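What follows is a single structure, written as structure tokens, with notes after it.
Just so you know, ligand 1 is whichever comes first in the structure, and atom 1 is the first atom listed for that ligand. Because the structure is predicted, anything quoted here is derived from the model rather than measured.
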Amino acid sequence: MTHTKIKELLSTTAVGTEVTVKGWVKTFRNNQFLAINDGSCLSNIQAVVDFENTDESILKRLTTGAAVEVHGTLVESLGKGQRVEVKAKDIIILGDSDPEKFPLQPKKHSLEFLREIAHLRFRTNTFNAVFKVRNCLAFAVHKFFNEKGFVYLHTPIITGSDAEGAGEMFKVTTLDFDNTPRTEDGQVDYSEDFFGKSTNLTVSGQLEGELAAMAFGDIYTFGPTFRAENSNTTRHLAEFWMIEPEMAFYELKDNMDLAEEFLKYLIKYALEHCPEEIEFLRTRLLDEEKSKPQKDRSELDLTQKLQFVLENDFERLTYTEAIDILKQSKPNQKKQFKYLIDSWGADLQSEHERYLVEKHFKKPVILTNYPADIKSFYMRLNEPDAEGRKTVAAMDILFPGIGEIVGGSQREERYDKLIQRMEEMHVPIEEMSWYLDTRRFGSAPHAGFGLGFERLVLFVTGMTNIRDVIPFPRTPKNAEF
Ligand code: 4AD
Ligand code: MG
């Protein structure tokens, strides 16, 4: 090892030993106090520079952002704020950083500004904390499923099917736009395309996941998914990561139980393994909220909010029950909702979801049994209710401040019923014969769900814009870096 990580140095008691630190300069004060960060933790280490015996040319190059290598002795710190520091003997500049040009000055920058320099924002405390938490959660996802014996399945990124049937797909093609091959009737001739057919980026790995669940029993996917929906919101990305478990022999209730256990496991794991980062983000959020009027501030701070989710059962109710609550609700009566709820069958908008979670129940909610008409073709048809209305065994989990974080369902395992739904919803049956084979050969009840990874990271970090929890966000009109 040519150097020791700052995280290790700050927790060591080996005072008096010779050490080498490598990292980036955060600040340099009084020609003496050099704060260095190497990304291993949020804290910097202080190196005390013997300026009288250090070359003037080196001192001048100790600017914010420069990469340095410091050799010296680890000593107890006399200053407050740190236990140990490095008494520098030799300083090498590995990479200069022009202070006139380096955009990250040692001051608070807005998140909007940092988004424009996403290639450098990793070096800020906020993004160090956010992406450490993201990393920690990704690891916890694999740990959770591994402990339960689930098989991690890599589903294709390029696919010919539209899993959600929503048609919000990015095309994948090598055809020449200026000279597109056409069939006799003037359509684009995809037989000339790379795959010999029309293909797109996947919107979900679920359908392929179902195939594997019918062999392994329990599987999960964790990969990028793509949606060309033109939603410029703080909750939507065109490229996001999704975790999709799929379990044979699970019914809707088993599915909900697993999803609730999973979310609690992930939050608990982050609290236990990222205490420094979460504490930083908690304080950051409190600071940010100070500028808001009292009534708009959260009742709970970040840690309390996470604890609250761990300690309380999610509220489970049907879509029909939710509609009754919403109909009676004040914002509906006073016509404050943008979309008023007047009848059963209406799709819930994020304002309705947030009312249920944040105002009515004040905790996470699982909504079940949605109208068949507003959900995907693969969801299992329930017996018609007392009033003869058609619902499916769907479940959405709604979180405070986030809205929908999980979407899932029990799947339609009955061949005839599935075909009927596909016909009604104009899903191309011939192209999906591989999917239908699971229903032809040893079909079995099964269920699964999808967790939007960035929405989870949003919740756990207390950030408010989804663009700030993925390193390089892809949104309408933006694919920088
Ligand atoms: O509800 P969705 O569309 O469900 C599916 O894709 C199913 N195939 C899942 C399954 O049953 N296996 O998406 C699942 C979750 C949503 O609840 C949300 O958290 C997230 O994915 N999500 C998005 N996150 C960021 N940006 C977007 N544009 C998202 N669209 C969905
Ligand atoms: Mg959904």
Return yes if a side-chain donor-acceptor contact under 3.5 Å exists between Glu210 and Thr438, otherwise no.
no

Does the side chain of Phe361 come within less than 4.5 Å of Leu317's, by heavy atoms?
yes

Backbone or side-chain N or O of Ile466 under 3.5 Å from ligand 1 N or O:
no

Does Glu404 put an N, O or S atom under 2.8 Å from the Mg ion (ligand 2)?
yes

As an exercise, identify every atom of ligand 1 less than 4.0 angstrom from a heavy atom of Gly408.
11 (O)

Distance to 0.1 Å, residue and atom name: give those for the protein heavy atom nearest to atom 20 (C) of ligand 1.
Gly452 CA, 3.6 Å

Winner among Phe240, Tyr220, Trp241, Phe226 once heavy atoms are compared against atom 25 (C) of ligand 1:
Phe240

Taking only non-hydrogen atoms of Val406 and a 4.0 Å limit, the atoms of ligand 1 in range are 17 (O)

Do Ser204 and Glu244 have side-chain atoms, one donor and one acceptor, less than 3.5 Å apart?
yes

Does a side chain donor of either Gln420 or Tyr415 reach within less than 3.5 Å of an acceptor in the other side chain?
no

Please tell me if the side chains of Phe377 and Leu418 come closer than 4.5 Å, counting only heavy atoms from C-beta onward.
yes

Per ring-ring contact (aromatic ring centres under 6.0 Å, His included), His142 is matched among Tyr265, Tyr152, Phe150 by Tyr152

Does any donor atom in the side chain of Ser350 or Glu404 lie under 3.5 Å from an acceptor atom in the other side chain?
no

With Thr173, which of Asp193, Thr180, Asn200 fulfils side-chain hydrogen bond (donor to acceptor under 3.5 Å, both in side chains)?
Asp193

Side chains of Thr225 and Trp241 only: does a donor on one sit below 3.5 Å from an acceptor on the other?
no

Atoms in ligand 1 flagged as close to Arg411, the criterion being non-hydrogen separation under 4.0 Å
10 (C), 11 (O), 12 (N)

When you measure from atom 26 (N) of ligand 1 to every protein heavy atom, which one gives the shortest distance, and what is it?
Leu237 N, 2.9 Å

Could you work out, for atom 13 (O) of ligand 1, the closest of Gln410, Met242, Glu210 by heavy-atom distance?
Met242

What residue and atom, counting heavy atoms only, is the protein's closest point to atom 19 (O) of ligand 1, and at what distance?
Ile405 O, 2.8 Å

Using a strict cut-off of 4.0 Å, indicate which atoms of ligand 1 neighbour a heavy atom of Tyr378.
7 (C), 8 (N)

With a cutoff of 4.0 Å, is Glu246 in contact with ligand 1, counting heavy atoms of the residue only?
no

Please say which of Arg235, Arg474, Arg134 ends up in a salt bridge (Lys or Arg N to Asp or Glu O under 4.0 Å) with Glu454.
Arg134

Quick one: does ligand 1 sit under 4.0 Å from the side chain of Glu229, the backbone, both or neither, non-hydrogen atoms only?
side chain

Considering only heavy atoms, which of Glu404, Glu239, Arg235 lies nearest to atom 17 (O) of ligand 1?
Glu404

Between Asp189 and Thr183, is any side-chain donor less than 3.5 angstrom from a side-chain acceptor?
no

With no hydrogens and no angle check, just 3.5 Å: does a side-chain donor-acceptor pair link Asn382 and Thr391?
yes

Only heavy atoms count here, so choose which of Arg227, Gln206, Glu244, Glu168 is nearest to atom 6 (O) of ligand 1.
Arg227

Which residue owns the protein heavy atom closest to atom 4 (O) of ligand 1, what's the atom, and how far is it?
Glu164 OE1, 3.9 Å

Heavy atom of the protein closest to atom 18 (C) of ligand 1 (residue, atom name, distance):
Arg455 NH1, 3.6 Å

Applying a heavy-atom cut-off of 4.0 Å, say which part of His236 lies close to ligand 1: side chain, backbone, both or neither.
both

Starting from atom 15 (C) of ligand 1, which protein heavy atom do you reach first, and at what distance in Å?
Gly450 O, 3.7 Å

Answer with side chain, backbone, both or neither: which part of Phe453 has a heavy atom less than 4.0 angstrom from an atom of ligand 1?
neither

